[in-house]
There are 2 protein chains.
Amino acid sequence: MKDVIENKLKLRSVKPTAMRLLVLQCLMEQNRALSLNELEALFENADKSTIFRTLKTFQENYLVHRINDGSGAIKYALCDDDCICSLEDNHIHFLCTKCEKTYCLKDTPITTPSLPNGFRANFANYLIEGICSTCT
Amino acid sequence: MKDVIENKLKLRSVKPTAMRLLVLQCLMEQNRALSLNELEALFENADKSTIFRTLKTFQENYLVHRINDGSGAIKYALCDDDCICSLEDNHIHFLCTKCEKTYCLKDTPITTPSLPNGFRANFANYLIEGICSTCT
DNA sequence: TAAACTTTGCAATGGCATTGCACTCCTTAA
DNA sequence: TTAAGGAGTGCAATGCCATTGCAAAGTTTA
């Protein structure tokens, strides 16, 4: 397990510090998008700004992507290994309004519609709110 | 023009105060989604909290909908007259990353994909970022 | 081993949404 | 016509979250 995490970092040329390993492991285990506060709560003794900067480093190296789910707090979720956060990598996110958890629906790619004349798309953020399978 | 605005309010049983007429007119004229700060700047002498509460009233009566375009500030845009802000009323929004303006693409309804088993959709927020026709 | 760089923790700061409270305005009923 | 009640408004907080400056701690390199 530890190897897998370290490999993920190596793949993106990010030095494996203790904090980074922890955050990455956490994101892998939870299998959903987490906010800064949620992450902070899971660690107890780690500083929020350190986690913030860890996540920033991760973003810059395509390890995680940010999700704006309208909850007020930005959520962070793991990217696939071959992700470069392009329009093609964007996928739908799902916010359960009951448990407040946000999931990546990686198997549900975003279909970009034809836009009005002169409009060009670079990035898409598609969020669906509803009830997840656990809360049904 | 004034009649049109007053009618819109009457249609939703919202009392036409000066502030409400102004805000509604503004949203109609701009033909795009505006943030609280943008609205405040357009009026100069009106208080932000009044505008906020005006918009809240509008939301509650399906006159405007909120848009989370990831800019940090919530934007507000006019609803159609027959809107009840249901999943079917949701449409795509477009944020131009150059001029920072957000548009409703009312003619581009959101197609909700088939979700994983057990997931049920109640609301969708689909934002596309890119360059608008004016900035191309 | 010392210098240079990176990472971390703490303590701000700033932006935006939201609310409490008092004042004003408008409506209503005696 | 006037007093009372309710709605709307303005001002001044408050709170939450993202972000950053700075110094200490840790790591790498010559």
Side-chain angles (χ1 to χ4, degrees), chain A residues 5-6 9-10 12-27 33-61 63-77 95 100 102 125 127, chain B residues 5-6 8-10 12-27 33-61 63-77 95 100-102 125 127:
Chain A
I5 302 172
E6 287 192 354
L9 289 173
K10 190 179 246 174
R12 301 295 193 167
S13 312
V14 175
K15 270 195 256 175
T17 70
M19 193 76 252
R20 286 172 187 169
L21 291 169
L22 271 177
V23 172
L24 196 48
Q25 179 173 9
C26 205
L27 287 171
L34 294 169
S35 70
L36 194 50
N37 277 331
E38 285 173 313
L39 280 167
E40 193 192 15
L42 287 173
F43 294 140
E44 278 294 330
N45 51 348
D47 187 75
K48 191 188 295 227
S49 63
T50 304
I51 305 176
F52 172 76
R53 281 187 272 232
T54 299
L55 291 167
K56 195 173 177 195
T57 304
F58 283 0
Q59 277 170 70
E60 289 163 356
N61 293 280
L63 275 160
V64 303
H65 54 277
R66 295 161 67 108
I67 304 160
N68 188 329
D69 66 359
S71 68
I74 293 166
K75 303 241 172 105
Y76 300 86
L95 168 66
E100 289 281 317
T102 298
N125 184 13
L127 177 88
Chain B
I5 303 173
E6 287 192 354
K8 258 192 183 305
L9 289 173
K10 189 178 247 175
R12 302 295 193 168
S13 312
V14 175
K15 269 195 257 176
T17 70
M19 193 77 253
R20 287 172 185 169
L21 291 169
L22 271 177
V23 172
L24 196 47
Q25 178 173 9
C26 207
L27 287 171
L34 293 169
S35 70
L36 193 50
N37 276 330
E38 285 174 314
L39 280 167
E40 193 192 15
L42 287 172
F43 295 141
E44 278 293 331
N45 51 347
D47 187 75
K48 191 188 295 227
S49 62
T50 304
I51 305 177
F52 172 76
R53 282 186 271 232
T54 299
L55 291 167
K56 196 174 176 194
T57 304
F58 283 1
Q59 277 170 69
E60 289 163 357
N61 293 281
L63 275 161
V64 303
H65 54 278
R66 294 161 68 107
I67 303 160
N68 188 330
D69 65 0
S71 68
I74 293 165
K75 303 240 171 109
Y76 301 85
L95 169 66
E100 290 280 317
K101 288 182 181 161
T102 298
N125 184 14
L127 178 87

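In what follows, chains are A, B, ... by sequence order, proteins preceding strands, each numbered from 1.
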**Student:** Which letters describe nucleotides 12-30 of chain D, given B = protein heavy atom under 4.0 Å from base, S = only from sugar-phosphate, - = neither?
**Tutor:** -----SSSBBB--------
**Student:** Check whether any side-chain N or O of Thr50(B) sits under 4.0 Å from OP1 or OP2 of dG10(D), and answer yes or no.
**Tutor:** yes
**Student:** Taking atom C1' of dA17(C) as reference, at what distance in whole Å does atom CD1 of Ile51(B) sit?
**Tutor:** 14 Å
**Student:** Output the rounded distance in Å from CD (Glu100(B)) to C1' (dG15(C)).
**Tutor:**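 Checked: the CD to C1' distance equals 15 Å.
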**Student:** After noting the C-alpha distance and the side-chain angles of Val23(B) and Val64(B), does the key distance pass the side-chain contact (heavy atoms from CB on, under 4.5 Å) rule?
**Tutor:** CA-CA 11 Å; Val23(B) 172; Val64(B) 303; over 6 Å; no
**Student:** Could you tell me which residues satisfy side-chain hydrogen bond (donor to acceptor under 3.5 Å, both in side chains) with Ser71(B), sequence neighbours excluded, listed by chain and number?
**Tutor:**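 Ser71(B) satisfies side-chain hydrogen bond (donor to acceptor under 3.5 Å, both in side chains) with Asp69(B) only.
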**Student:** Are any of the side-chain heavy atoms of Ile74(A) and Leu36(A) separated by less than 4.5 Å?
**Tutor:**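 Counting from C-beta outward, Ile74(A) and Leu36(A) never come under 4.5 Å.
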**Student:** Tell me the interatomic distance from Gln59(B), atom CD, to dT18(C), atom C1', rounded to whole angstroms.
**Tutor:** 12 Å
**Student:** Which nucleotide sits closest to the side chain of Arg20(B): dT8(C), dG8(D), dT9(D)?
**Tutor:**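 Of dT8(C), dG8(D), dT9(D), dG8(D) is nearest to the side chain of Arg20(B).
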**Student:** CD of Glu40(B) versus P of dG15(C): gap in Å, rounded?
**Tutor:** 13 Å
**Student:** To check you understand the geometry: which heavy-atom pair defines the closest contact between Asn61(A) and Arg12(A), and what is its length?
**Tutor:** O-CD, 3.2 Å
**Student:** Shortest non-hydrogen contact from Arg20(B) to Lys15(B)?
**Tutor:**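 For Arg20(B) and Lys15(B), the tightest heavy-atom pair comes out as NH1-O, 2.8 Å.
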**Student:** Take atom CG of Leu39(B) and atom C1' of dC16(C), then tell me their distance rounded to the nearest Å.
**Tutor:**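 So the two atoms are 14 Å apart, to the nearest Å.
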**Student:** Measure CD/Glu38(B) against C1'/dA17(C) and give the value in whole Å, please.
**Tutor:** 16 Å
**Student:** To the nearest angstrom, how far is Asn45(A) atom CG from dC10(C) atom P?
**Tutor:** 10 Å
**Student:** Whole angstrom is fine here: how far is it from CG in Leu22(B) over to C1' in dT9(D)?
**Tutor:**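 Taking atom C1' of dT9(D) as the reference, CG of Leu22(B) is at 13 Å.
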**Student:** Where do Asn68(B) and Gly70(A) come nearest, in terms of heavy atoms and distance?
**Tutor:** ND2-CA, 3.2 Å
